[in-house]
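Throughout, a chain's letter reflects where its sequence line sits, starting with A, and its residues are numbered from 1. Values reported hereafter were calculated over all heavy atoms of this structure, with side chains retained and with hydrogens, waters and symmetry mates removed.
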Amino acid sequence: MPTDDVEPEAQPATSTEDAPNVFRTDDGAQDGLAKCARCGATEISLNVATGNLRCGFCRFEWATDNAIEAFNLNGDISKLSGILVGSGSSDIVPSTEEILTFKCSACGAEVVIDTNNSTQARCHWCRNTLSMNQQVPNGAVPDMILPFTVEKSTAVEKIASFVGKRKFFAHPKFRAEFNAENVMGVYLPYMVVDINAHARMTGEGEHQTRSYTVKVGDKQEQRYDADLFNVVREFDIQVNDLTVESSSDRLDQNTSQNSNNIINTIMPFDVENSVRYDSNYLAGFTSERRDSNLDQLSPIAHTQAEDITRHRVNDSLAFYDRGVRWTAEEVDVRGQRWVSAYLPVWLYSYQQRNSSGKTFLHYVAVNARTGETMGSVPLHQSKLLLVAGVVQLVGTVIGLVLVAVGI
Amino acid sequence: MLTHFAWMTASGQLIAASSSDEGSRGFGLVFLLSGFIFYAAIYLRYRNVDKRHKHESETESAMFNMQETNDFVVSKTGLTNSKIAGANNNVVRGARRKFF
Ligand SMILES: [Zn+2]
Ligand SMILES: [Zn+2]
């Protein structure tokens with residue numbers, strides 16, 4: 001395709017960011033008593049070994065619908081246009097109460113659920129478990145949930161082994177207090193985004209034709225010959241299940257202030273195996289509420305989609321072994337689909353307190369689907385400095401000798 | 001906390017300086033920096049501040065209807081750099097990990 005002259009395009013007056021199209025993901029969801037279909041008990045929790053819900057009394061097991069199929073999220077991304085949003089992903093209404101009162105449908109008592117911490121509560125009078133699956137606009141109920149499949153014992157082993165390899169320079173207080181058993185299962189909130197975009201990238205690329213050495217003074221130096229090309233790539237791109245943190249706490253990944261990058265590192269998750277949200281999956285785990293809306297998350301998601309595009313187009317640039325310098329990158333997002341999800345993480349956290357009284361939260365995190373493990377271990381600074389100093393001393397002596405001898 | 005970063009940045013720059021140094025003298029320099037290199041290596045191994053999810057390569061994506069233009073411009077000779085100036089086809093802008 002010939003490169004057209006770049007003409008100043010008459011942009012259609014910035015199309016007033018067409019309002020998102022919301023599709024319901026909590027249709028048929030019922031709050032209150034969720035009962036075992038076989039015996040009627042309300043003691044229901046996740047069986048991590050199978051990823052199914054299990055009745056605590058009769059051991060009956062069942063699976064919730066796969067979310068991708070239930071919400072038809074497999075639909076062709078190339079057909080996406082505008083903004084499509086799951087109802088659990090819609091904007092949080094700031095005034096929404098975090099405390100909801102339920103009427104226990106077994107005994108009629110009034111029970112309070114603090115949706116800030118959980119979407120389940122037990123009736124004080126009849127001990128039945130009440131749960132909330134319908135979405136309140138406060139981010140507490142997502143569109144879908146990915147059940148834990150890595151057992152706690154496995155997570156404990158992984159964390160113990162990760163830290164075990166980092167004992168020597170670990171802070172003595174941490175070494176004394178470390179106990180991998182203190183790991184917690186947490187569902188963290190994410191947005192899962194599909195993006196349909198058209199990209200046009202313009203720039204210059206170089207292909208090496210010759211590499212040789214020349215003599216400069218008494219030294220040999222490397223020289224290269226290369227062909228310069230004008231390069232244009234224009235294509236459609238579909239991004240599937242781009243995943244971004246959706247709680248403002250986790251979005252902040254300033255490594256001098258927190259270790260959230262540790263939790264970020266254990267992505268990706270197999271989000272395609274998510275099921276429709278059911279708060280029974282939360283029994284025995286904690287969860288963090290989403291507090292960020294599309295407005296805040298769109299810029300990050302779009303920048304990351306551009307990164308994916310830039311990375312992807314390298315497939316077609318193998319000829320340019322000296323690299324490409326893009327001068328214009330236009331990634332036009334034509335359609336996007338947003339779904340909010342709870343994804344499972346085993347989290348060991350350790351609060352380090354400096355002598356100055358400042359605290360720093362260290363994490364060791366295990367992806368509860370893939371087992372990927374990453375962590376931050378507090379350092380014993382004085383010990384590390386001492387050893388580094390000794391290494392430096394020995395290194396300096398050897399280095400000076402080598403330089404003197406001229407090796 | 002800042003002092004560690006300053007030290008690591010310094011060692012990073014020094015490593016970069018030494019690696020661009022041709023031939024034998026670099027070998028001695030590595031030893032002269034061994035304490036800094038050791039500190040940085042242990043720091044990264046324990047704290048993992050450099051780690052992040054590689055969204056640019058770990059996210060599933062597909063390209064369609066590719067149209068390519070490759071127009072020859074000029075042949076260049078005697079270049080001293082092994083890469084094109086200002087290569088940016090691998091840059092990542094959406095990483096939220098803030099480091100250095
Ligand atoms: Zn039962
Ligand atoms: Zn009751």
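Other residues, nucleotides and ligands place no more than 12 heavy atoms under 6.0 Å from the NZ atom of Lys165(A). Open room surrounds NZ on Lys358(A); 12 or fewer heavy atoms of other groups in view lie less than 6.0 Å from it.
Put simply, the residue from Arg312(A), Gln238(A), His311(A) that forms a side-chain contact (heavy atoms from CB on, under 4.5 Å) with Ser61(B) is Arg312(A). Checked options Thr80(B), Leu79(B), Asn81(B); the residue passing with Arg223(A) is Thr80(B) (criterion: side-chain contact (heavy atoms from CB on, under 4.5 Å)). A side-chain contact (heavy atoms from CB on, under 4.5 Å) with Arg96(B) is found for exactly one of Asn261(A), Asn260(A), Ile300(A), namely Ile300(A).
Here Ser82(B) is the residue among Ser82(B), Ser75(B), Ala95(B) with the most heavy-atom pairs under 4.5 Å with chain A. Counting heavy-atom pairs closer than 4.5 Å to chain B, the top-ranked of the candidates Ile77(A), Thr396(A), Leu228(A) is Leu228(A). Each of Lys51(B), Lys54(B), Glu58(B), His55(B) has some count of heavy-atom pairs under 4.5 Å with chain A, and the biggest count is that of His55(B). Considering only heavy-atom pairs separated by less than 4.5 Å from chain B, the leading option among Met374(A), His207(A), Gln222(A), Glu329(A) is Met374(A).
For Met267(A), the parts sitting under 4.5 Å from any heavy atom of chain B are the backbone and the side chain alike. Both the backbone and the side chain of Gln304(A) come within contact range of chain B, judged by heavy atoms closer than 4.5 Å. Heavy-atom distances place both the backbone and the side chain of Ala170(A) under 4.5 Å from chain B. Proximity to chain B involves both the backbone and the side chain of Leu242(A), based on heavy atoms less than 4.5 angstrom apart. Within the 4.5 angstrom heavy-atom criterion, atoms from both the backbone and the side chain of Val313(A) approach chain B. Heavy-atom distances place the backbone of Asp321(A), and not its side chain, under 4.5 Å from chain B. In this structure, the portion of Phe162(A) lying under 4.5 Å from any heavy atom of chain B is its side chain and not its backbone. Using a 4.5 Å cut-off between heavy atoms, Glu372(A) does not touch chain B at all. Using a 4.5 Å cut-off between heavy atoms, Leu251(A) contacts chain B through both its backbone and its side chain.
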Verify side chain to side chain contact (heavy atoms under 4.5 Å, CB included) between Arg47(B) and His362(A), making sure each step is shown before the conclusion. CA-CA 9 Å; Arg47(B) 296 277 287 101; His362(A) 293 270; 3.9 Å; yes

Let me see the working for Leu379(A) and Tyr46(B) under side chain to side chain contact (heavy atoms under 4.5 Å, CB included), right down to the final yes or no. CA-CA 7 Å; Leu379(A) 279 164; Tyr46(B) 277 61; 3.7 Å; yes

Assess the residue pair Asn314(A) and Asn90(B) against the criterion (side chain to side chain contact (heavy atoms under 4.5 Å, CB included)); give the C-alpha distance rounded to whole Å, side-chain angles, the decisive distance to 0.1 Å, and a yes or no. CA-CA 8 Å; Asn314(A) 282 336; Asn90(B) 284 313; 2.8 Å; yes

Stepwise side chain to side chain contact (heavy atoms under 4.5 Å, CB included) check, Val231(A) with Thr69(B): CA-CA 6 Å; Val231(A) 182; Thr69(B) 310; over 6 Å; no

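Not one N or O on the side chain of Asp71(B) forms a donor-acceptor pair closer than 3.5 Å with the backbone of Phe229(A). A donor-acceptor pair under 3.5 Å links the side-chain atoms of Asn88(B) to the main chain of Trp326(A), judged by distance alone. For Asn264(A) (side chain) and His53(B) (main-chain N/O), a donor-acceptor pair under 3.5 Å exists by modelled atom type. When atom types are taken as modelled, the side chain of Lys76(B) and the backbone of Tyr224(A) share no donor-acceptor pair closer than 3.5 angstrom. Although no hydrogens or angles enter the test, the distance criterion places a donor-acceptor pair under 3.5 Å between the side chain of Tyr212(A) and the main chain of Gly78(B).
For the atom pair CD1 of Ile237(A) and CE of Met66(B), the computed distance is 8.5 Å after rounding to the nearest 0.5 Å. If you take CZ on Phe235(A) and CD on Glu68(B), they are separated by 10.0 Å, rounding to the nearest 0.5 Å. Rounding to the nearest 0.5 Å gives a distance of 6.0 Å between CD of Glu56(B) and CG of Asp307(A). Taking CD of Gln392(A) as the start and CG of Leu32(B) as the end, the distance is 7.5 Å to the nearest 0.5 Å. Rounding to the nearest 0.5 Å places CG of Asp236(A) at 4.5 Å from CG of Asn65(B). Atom CG of Asn70(B) and atom CG of Asp227(A) lie 12.0 Å apart (nearest 0.5 Å).
Looking at heavy atoms from C-beta onward, Val239(A) lies in side-chain contact with Thr59(B) at the 4.5 angstrom threshold. Under the 4.5 Å side-chain criterion, counting only non-hydrogen atoms from C-beta, Val387(A) is not in contact with Tyr39(B).
Every residue was checked against the side-chain hydrogen bond (donor to acceptor under 3.5 Å, both in side chains) condition with Arg175(A), not counting sequence neighbours, and none meets it. Applying the side chain to side chain contact (heavy atoms under 4.5 Å, CB included) test to Glu306(A) and every residue at least two apart in sequence or in another chain returns Arg310(A), Val331(A).
Arg93(B) and Thr303(A) form no side-chain donor-acceptor contact under 3.5 Å, judged by distance and modelled atom types alone.
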